[in-house]
Amino acid sequence: MASDIACPYCYETFPVRDILFRCIARPGPTGSRCRAERDQVLEERRGRRGELGPVFAARTRGQLAPCPTCQAVSTFRICPVCHSTLPAQFGLVDNRLIAMVGAKASGKTVYMTVLLHELMNRVGSAGGFALMAADDETMTRFDSDYQDPLYQGGELFHGTRTAVANDHRVDPLVFRFGVARRRLLGARPEHTLLSFFDTAGEDFSSQESVQLNTRYLANADGVILILDPLQLPGARPLARPGSTLPDTAGADSPINVLSRVTSMLLPHRSGPDGRLLPGARGAGRISTPIAVVFAKLDAVWDTLDPGSPLRAHPPGGARFHTADSLDVHEEVRHLLREWRGGSIDQILDANYRHYRYFGISALGNSPTAESQVAPTGIQPYRVTDPLLWLLSEFGSVARQRRR
Ligand SMILES: Nc1nc2c(ncn2[C@@H]2O[C@H](COP(=O)(O)OP(=O)(O)O)[C@@H](O)[C@H]2O)c(=O)[nH]1
Ligand SMILES: [Mg+2]
Ligand SMILES: [Zn+2]
Ligand SMILES: [Zn+2]
């Protein structure tokens, strides 16, 4: 249903009027007070323990409601499915769910961390963007689990926990993204809530986890698919000496990950074993935009043509640059053929209405043999391009068509 909205934490959809409230559990106007209690739904769905105010329904589209028991007014709106506290203005501002998918060790977690760091810091202030955590938990978790280890410790991650290992939960990070621009009367709200979830590669290799991931993918507004060029047979020999070559195990090869993601987005066309069934080109193609991102570009940088757009200094600013992006798109498509990954292009072309190729490097350099960031530090290249493309597809970021 068009009016349904998706929870940025559990990705389940529901009508806005179904949003529940949580009592503040402090004395209300009548002097009576509700007691904090355990919330079993929140424990089961999110693994969060503790005692919280009781949940009540108000059947309102508003941002506050009085508790029917103690009359205290609450502004804590919660998801009817998982009982997570919804971000302020949820339902009033654009709400976009972004799924980050890719094979194990393709670079998803490093990329997500560097992308968010850049948007919060460097590119953010220079580019007229603002990004902040939409809830306290995202803030502390982003710092302690992602940003601090990489930026202060210089440590690379030890593999994301799979959703299955994590008790069938995925823990998205939720941010508020804004573009600095003058507010026009009647203009769309300036903020967009962005929910990112990063899966473990193994999540896509077992049938058990397919169901969980299907919900996240099916309700995502945009997909960022991370591919490691060093997993393509034609690119491996080109890797800069000292690069760590990932396994190219069958189940987790880029082509298999893309096939599995595609069949999750196209459930009616996948076979019982989760494999893609052939379909007529164009008919029922997937409308979710997918950014297909070649990560770790630094490892093959030296082999790129000196005139390649992937060696050019990208244009900056608070806009998405269409011409530059199309140059990169064509260049990556050409490289794909060279790297013997042409079947990736065929799958995308046959199944997706909106796909775009990108080439990025989150670190800018190979990590050391001890899995530490190189002594030269983190030097990201083109990391914001894929997200800005998705945001431009959603209409949240303006496009600059001419060069
Ligand atoms: N050369 C290079 N290696 C990278 C880059 N990003 C990640 N890596 C390597 O890829 C490994 C896996 O990255 P990670 O983000 O944990 O992969 P994930 O399993 O997809 O989340 C890291 O430990 C690094 O060795 C990059 O930008 N350049
Ligand atoms: Mg990871
Ligand atoms: Zn109450
Ligand atoms: Zn929820």
Side-chain angles (χ1 to χ4, degrees), residues 5-14 18-20 39 41-42 44-46 48 77-87 90 95 97 100-115 135 145-146 149-150 154-163 165-166 169-172 174 195-204 215-216 219 224-231 235 239-247 252 254 257 293-302 359-374 376-383:
I5 189 160
C7 168
Y9 301 97
C10 69
Y11 284 42
E12 300 273 13
T13 58
F14 45 83
D18 284 1
I19 290 176
L20 301 175
D39 183 332
V41 176
L42 193 67
E44 250 162 57
R45 303 283 303 215
R46 304 281 323 278
R48 304 295 186 267
R77 296 187 308 151
I78 63 170
C79 166
V81 183
C82 72
H83 286 191
S84 298
T85 307
L86 295 166
F90 177 79
N95 175 46
L97 313 180
M100 195 83 68
V101 294
K104 184 166 52 176
S106 53
K108 296 179 296 296
T109 306
V110 170
Y111 173 61
M112 188 175 80
T113 308
V114 172
L115 168 67
D135 60 80
D145 297 0
Y146 298 88
L150 186 64
E155 281 163 37
L156 294 156
F157 303 97
H158 300 289
T160 305
R161 293 179 71 192
T162 69
N166 202 18
R169 285 189 296 261
V170 184
D171 260 335
V174 184
S195 166
F196 292 90
F197 88 91
D198 166 24
T199 51
E202 311 86 292
D203 284 356
F204 292 96
R215 184 177 82 237
Y216 277 81
N219 288 327
I224 297 181
L225 173 66
I226 306 287
L227 299 177
D228 184 345
L230 303 182
Q231 287 186 320
R240 189 181 267 183
S243 304
T244 330
L245 285 181
D247 300 339
D252 227 12
V257 171
V293 180
F294 281 89
K296 312 186 189 178
L297 207 60
D298 57 278
V300 290
W301 182 273
D302 304 333
I360 63 113
S361 171
L363 299 175
N365 258 308
S366 296
T368 66
E370 292 78 38
S371 273
Q372 289 272 316
V373 166
T376 44
I378 297 172
Q379 296 172 312
Y381 178 69
R382 286 191 178 275
V383 288

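Whatever order the structure lists them in is the order used to number ligands and atoms, beginning at 1. These numbers come from a predicted model, not from an experiment.
- Counting atoms of ligand 1 from 1 in the listed order, those under 4.0 Å from a heavy atom of A105 are 10 (O), 12 (C), 17 (O), 18 (P), 19 (O), 20 (O).
- Counting heavy atoms closer than 4.0 Å to ligand 1, residue P367 contributes side-chain atoms (C-beta onward) but none from N, CA, C or O.
- The proximity of A103 to ligand 1, defined as any non-hydrogen pair under 4.0 Å, is limited to the backbone.
- Closest approach of L86 to C7, counting heavy atoms only: CD2-SG, 4.4 Å.
- Between L156 and ligand 1, no N or O atom pair is found at a separation short of 3.5 Å.
- Counting heavy atoms closer than 4.0 Å to ligand 1, residue I226 contributes nothing at all.
- Atoms of ligand 1 lying under 4.0 Å from any heavy atom of A362, numbered from 1 in the order shown and given with element: 27 (O).
- Using a 4.5 Å cut-off on side-chain heavy atoms (C-beta onward), C82 and Y11 make no contact.
- For C82, the nearest N, O or S atom to the Zn ion (ligand 4) falls under 2.8 Å.
- Paired with L156 under the rule side chain to side chain contact (heavy atoms under 4.5 Å, CB included), one option of T109, V110, T368 passes, and it is V110.
- Within the 4.0 Å heavy-atom shell around ligand 1 one finds S366.
- Taking distance alone, with nitrogen or oxygen atoms compared against 3.5 Å, S106 approaches ligand 1 more closely than that limit.
- Listed by number with element, the atoms of ligand 1 under 4.0 Å from a non-hydrogen atom of T109 are 15 (O), 21 (O).
- An N or O contact shorter than 3.5 Å links K296 to ligand 1 by distance.
- Closest of all the heavy-atom pairs between L363 and L150 is CD2-CD1, 4.4 Å.
- At a heavy-atom cutoff of 4.0 Å, ligand 1 is contacted by both the backbone and the side chain of V110.
- Between G364 and ligand 1, no N or O atom pair is found at a separation short of 3.5 Å.
- Ligand 1 has no atom lying under 4.0 Å from any heavy atom of A299.
- Take the Zn ion (ligand 4) as the corner point: the lines to SG of C10 and to SG of C79 open at 110°, to the nearest 10 degrees.
- Using bins of under 30°, 30° to 60° and over 60° for the plane-to-plane angle, the ring pair F14/F90 lands in the tilted bin.
- How far CG of L225 is from CZ of F294: 8.0 Å, rounded to the nearest 0.5 Å.
- Within the model, atoms SG of C10 and CZ of R46 stand 8.0 Å from one another, a figure rounded to the nearest 0.5 Å.
- Contact between D135 and Y9 at its shortest, heavy atoms only, is OD2-OH, 2.6 Å.
- In this structure, the side chain of K296 does not engage the main chain of D228 through any donor-acceptor pair within 3.5 Å.
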